[in-house]
Amino acid sequence: MLSLRKLIGRPINNITAAAALVALFSVASRFLGVVRDHILAGSFGAGAELDIYYAAFRVPDFIYNLIVLGALSAGFIPVFSEMIKRSEIWPGEKEKLVRLANNVFNSLLLLIILLSVFGVIFAPVTAWSNPGFSAEAKAQTAHLTRIMFLSPLFLGMSGVLGGILQSYKRFFVYSLSPVFYNLGIIFGALVLVDFWGIDGLAWGVVLGAVLHFAVQLPTVWSLGFHYRFLLDIRDRGLRQIAMMMGPRTLSLAVSQINLLAMTALASLLDSGSLAVFNLANNLQSFPLGVFGISFAVAAFPFLSENAYKIEELKVRFSATIRQILFFIIPASVLLITLRAQLIRLVLGSGAFNWQDTILTMNTLGFFSLSLFAQASLPLLVRVFYARRDSLTPFYLGLFSVVLNIVCAWYLHPYLGVAGLALAFSIASIVNFLSLWIVLYFRVGSLDLDKILVSVLKFSVAAIGAGLVIQILKIAVWPFIDMTTFVGVFIQFSVAASGGVIAYICLCHLFRSEELLSAIAIFKKRLSVKKVKLADQGEARGL
């Protein structure tokens, strides 16, 4: 219990250790997300009901991403982290922290309530953004949308708590909240659906949002942040956050409009296309959440503290992006080479038939092409935010969204739902390259030579691993029954294990610094009892 209290109560001041902790819970959360999708696919298949659920989810999620993520990622954490540093020097500044937290909390809550009321009233209008749906499907979409508009309220409040925890580097509880979110959705799919039908899925989303908020509350309270009804729009800190979140909110707006456009285009395709798009996107999001988002979230407070110390920023950025790519490049190869087996294992049961599997497999393959870019984007964008620049990511993001919609409109008649995924990958790669080029000219190379050498090693090792996977797939085939779950699982497990071992061995042969660093961190975590408590860096981790 003592070690658990230390893990919850103490900050984690090392990016790799913090990212490992975030990644650990991200794995748990993503695994629950896989379980959730397995239940949904098995219960409903890739059909009209699941299309309605995903369409109804889109607008409430739009509100949350637009308001909460815009404020927190672009403004709240950089401003709050800077004030925390001042409060460590001048204790009197702590009261300003409490006031700012309450001011942001109440301002966001009021704004989300107003938007949610507006959304509930005009839910039938939002349902018509899916032109391919029947009138009955549009009515059902509007009904589920109204229920799900409760979730942004709790996720908004939870977002402020999460921003406080990240600023104080309390990553344990922050990382735990998505796990509870998915548990709520799973409860809705397993239990509430039996009582309320597809409405149970919507109420499960609301329950997950409540749990997401509740799990963070005790730790924030222990940091001395108690609720006050405070709303002061003249507050300097609030105005500073609002100015910084403006372009970020616009950036998220175009991103969310992009998702709405994809939803509309999918509704014009065969029934179940929207479900296939979301299920494939969720599968590729597993490695993105575990590696890309985890490292970016863990690095953001450190980037904010050293945003204008070029050498320190260079070291932090280079080490972090190399760690991301060390994991995400082989993950891309695994997804491409084993996507059929993965989809059959995760989704291939109940109402999810072979045709659904083929559609999802093709869509996932096109998504996987841009995993390296998608995983790097959160870190690249946060470098701009740390340097108080949210306009550049907005302009470049707007261009990539327009490109995505144009490509999707052109490709979907030929490739169907897989064309939407290919358009998404093209736009993601363009966005990645444009952000990197701008950052290169503004900040410098950020250790580009070292990054390229490392990426070359990862890529060669990943290609070798892919060849091993293909060989093992063929070698195992004659000895198993591929029409059964056990047979598919054996083929997947043998091929994936061989691929991972091959990748590690090749990286070791190439003397990959990132592999050696990961091994060193792992060994240090295992010998945590030998680390002195006075060490405020590596001693605080898993």
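Taking every heavy atom of both residues into account, Ala296 and Leu379 meet most closely at CB-N, 3.8 Å. Among all heavy-atom pairs drawn from Val215 and Leu176, the shortest one is CG2-CD2, 3.9 Å. Here the shortest heavy-atom pairing between Ile52 and Leu144 reads CG2-CD1, 3.9 Å. Nearest heavy-atom pair across Pro152 and Ser116 is CB-OG, 4.5 Å. The shortest non-hydrogen separation linking Leu265 to Ala408 is CD1-CB, 3.8 Å. The two residues Phe154 and Phe213 make their nearest non-hydrogen contact at O-CB, 3.7 Å.
Using a 4.5 Å heavy-atom cutoff, the side chains of Tyr227 and Asn106 are in contact. Between Phe366 and Leu420, the closest side-chain pair of non-hydrogen atoms is not below 4.5 Å. Between Leu183 and Phe187 the shortest side-chain heavy-atom distance does not fall below 4.5 Å. Annotation: side chain of Phe295 is not in contact with side chain of Ile321 (no heavy-atom distance under 4.5 Å). Within the 4.5 Å cutoff, no side-chain heavy atoms of Leu161 are placed close to those of Tyr174. The side-chain heavy atoms of Val98 and Arg228, taken from C-beta on, include a pair separated by under 4.5 Å. Using a 4.5 Å heavy-atom threshold, the side chains of Asp199 and Gln140 count as touching.
Under the 3.5 Å distance criterion, the side-chain polar atoms of Arg382 are matched with a main-chain donor or acceptor of Pro378. Remark: side-chain polar atoms of Ser400 are paired, donor with acceptor, to backbone N or O of Gly397 under 3.5 angstrom. Side chain of Asn282 to backbone of Asn278: a donor-acceptor contact under 3.5 angstrom is found. With hydrogens and angles ignored, the 3.5 Å screen pairs a side-chain donor or acceptor of Arg146 with a backbone N or O of Val120.
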Go through the steps for Ile147 and His143 under the test side chain to side chain contact (heavy atoms under 4.5 Å, CB included), then give the verdict. CA-CA 7 Å; Ile147 297 173; His143 173 65; 3.9 Å; yes
Given Val205 and Tyr53, is the side chain to side chain contact (heavy atoms under 4.5 Å, CB included) satisfied, shown in steps? CA-CA 11 Å; Val205 172; Tyr53 166 72; 3.6 Å; yes
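The local environment of CZ in Phe118 is sparse, with at most 12 non-hydrogen atoms from other residues, nucleotides or ligands closer than 6.0 Å. Sparse packing is recorded around CZ of Phe180, with 12 or fewer heavy atoms of other residues, nucleotides or ligands lying under 6.0 Å away.
Checked against the 6.0 Å centroid threshold, Phe277 and Phe367 count as a close aromatic pair.
Tyr181 and His212 have perpendicular rings, their planes meeting at more than 60° on a 0 to 90° scale where under 30° would count as parallel.
Taking CG of Leu165 as the start and CG of Leu223 as the end, the distance is 6.5 Å to the nearest 0.5 Å.
Between Leu347 and the options Asp356, Leu342, Leu283, a side chain to side chain contact (heavy atoms under 4.5 Å, CB included) holds for only Leu283.
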